[in-house]
Amino acid sequence: MTSTLAAPATTARTTGWGWAGIVAALTAGGATAFLAQGPGTFTDQEVKPGAFIVENMNPELLIRLGAGLGLVAVIATTLFTLGLCRRAAATASARPGWVEALRWSSIALLATTTVGVLMRYVAAGGAPGAMDQSMYTTEASATAAVLADQISTGTYLPALGVMAAAGVLSLRGALLPKAVGIVGLVLAGASLVATLAIGLPYSSSLVFPLFALVAGIAAVARRA
């Protein structure tokens with residue numbers, strides 16, 4: 001009787017963090033479409049002066065849209081990783097080290113992505129026509145735009161730890177289907193190699209949405 005009554009609540013919780021993973025994937029991926037720098041700043045390899053970058057920045061509204069999507073992604077990612085951690089603690093008690101790695105990687109991901117969202121709003125404040133533009137020099141606006149684009153994508157580096165730990169706990173436990181665990185490990189490994197070999201930590205912002213989408217769909221399908 002007790003187990004029968006508890007099953008719907010467990011299913012709802014599992015489905016909830018699965019849907020959060022899907023939302024995190026879509027919003028994190030969508031946020032990258034609204035960079036502070038406009039397409040004109042990437043047309044060639046010449047060094048651009050601050051005035052040129054500011055002149056070609058995206059409008060404040062577009063930058064804030066990216067920040068808003070980023071904020072939703074942070075919230076959804078937190079719910080998603082919280083669900084992962086809870087399930088890991090319940091299904092992988094024999095591997096406490098990997099469970100702790102998943103938990104602390106998730107905490108680090110929350111902290112860094114929050115900074116990335118803040119930088120997006122800083123860049124929006126210095127955009128041409130923004131309410132706070134008078135508080136920024138041209139050089140400060142250009143610097144904020146460059147840093148916002150770099151930091152908001154690079155802040156997903158801790159997600160590599162999340163994907164690696166989740167992958168191991170899926171292959172050696174029952175956190176997620178083994179196929180999802182393999183996807184997590186492959187994506188984390190590819191991004192790590194890209195970061196160490198050619199200096200592309202921003203690749204983490206591309207691979208994490210893929211993992212969150214696959215893991216979220218798997219969690220929802222498992223309880224469907």
Side-chain angles (χ1 to χ4, degrees), residues 19-82 106-160 162 191 194-195 198-213 216:
W19 282 112
I22 295 173
V23 172
L26 297 178
T27 51
T32 60
F34 299 97
L35 299 177
Q37 296 181 80
T41 59
F42 301 101
T43 53
D44 53 51
Q45 300 299 317
E46 295 179 4
V47 176
K48 303 294 197 309
F52 180 89
I53 293 177
V54 172
E55 183 180 352
N56 287 274
M57 282 177 65
N58 279 324
E60 178 198 12
L61 177 59
L62 289 182
I63 304 174
R64 285 196 290 109
L65 283 174
L69 284 173
L71 181 57
V72 174
V74 170
I75 296 171
T77 298
T78 301
L79 296 175
F80 170 61
T81 54
L82 180 61
S106 300
I107 293 172
L109 181 60
L110 170 62
T112 55
T113 51
T114 299
V115 172
V117 170
L118 175 60
M119 281 303 305
R120 286 179 178 269
Y121 279 107
V122 170
M131 182 171 57
D132 296 333
Q133 186 185 6
S134 61
M135 299 172 58
Y136 294 72
T137 64
T138 300
E139 291 74 17
S141 296
T143 301
V146 174
L147 289 179
D149 289 349
Q150 301 285 331
I151 292 176
S152 63
T153 51
T155 52
Y156 277 91
L157 266 177
L160 302 186
V162 173
S191 182
T195 300
I198 55 180
L200 286 179
Y202 324 111
S203 59
S204 58
S205 65
L206 300 177
V207 299
F208 175 72
L210 292 176
F211 170 74
L213 182 62

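Keep in mind that this is a model prediction, so the values were computed, not measured.
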Tell me, do [X] and [Y] make a side-chain contact under 4.5 Å, heavy atoms counted?
X    : Y    : result
P128 : E55  : no
F34  : L61  : no
R120 : D149 : no

Donor-acceptor under 3.5 Å (S141 side chain, G126 main chain): yes

Can you check whether Y202's main-chain N or O pairs, donor with acceptor, with T153's side chain at less than 3.5 Å? no

Taking all atoms of both residues into account, what is the closest heavy-atom pair of [X] and [Y], and its distance?
X    : Y    : answer
G21  : F80  : CA-CD1, 3.5 Å
P209 : A25  : O-CB, 3.1 Å
A73  : A28  : CB-N, 3.6 Å
A130 : A124 : CB-O, 3.2 Å

Roughly how far, to the nearest 0.5 Å, is [atom2] of [Y] from [atom1] of [X]?
X    : Y    : atom1 : atom2 : value
I107 : T112 : CD1   : OG1   : 12.0 Å
L157 : L109 : CG    : CG    : 10.0 Å
I53  : T143 : CD1   : OG1   : 7.5 Å
Y156 : L206 : OH    : CG    : 11.0 Å
T195 : L200 : OG1   : CG    : 7.0 Å
R64  : L71  : CZ    : CG    : 13.0 Å

So E139 and V54, side chain to side chain contact (heavy atoms under 4.5 Å, CB included) or not? Walk me through it. CA-CA 8 Å; E139 291 74 17; V54 172; over 6 Å; no

Stepwise side chain to side chain contact (heavy atoms under 4.5 Å, CB included) check, N58 with Q37: CA-CA 6 Å; N58 279 324; Q37 296 181 80; over 6 Å; no

Between S191 and S203, is there a side-chain donor-acceptor contact under 3.5 Å, judged purely by atom types and distance? yes

Which is it for V207 and L160 under the side chain to side chain contact (heavy atoms under 4.5 Å, CB included) test, yes or no, and what are the steps along the way? CA-CA 9 Å; V207 299; L160 302 186; 4.2 Å; yes

Check the pair F208 / T77 against side chain to side chain contact (heavy atoms under 4.5 Å, CB included), numbers first and verdict last. CA-CA 10 Å; F208 175 72; T77 298; 3.7 Å; yes

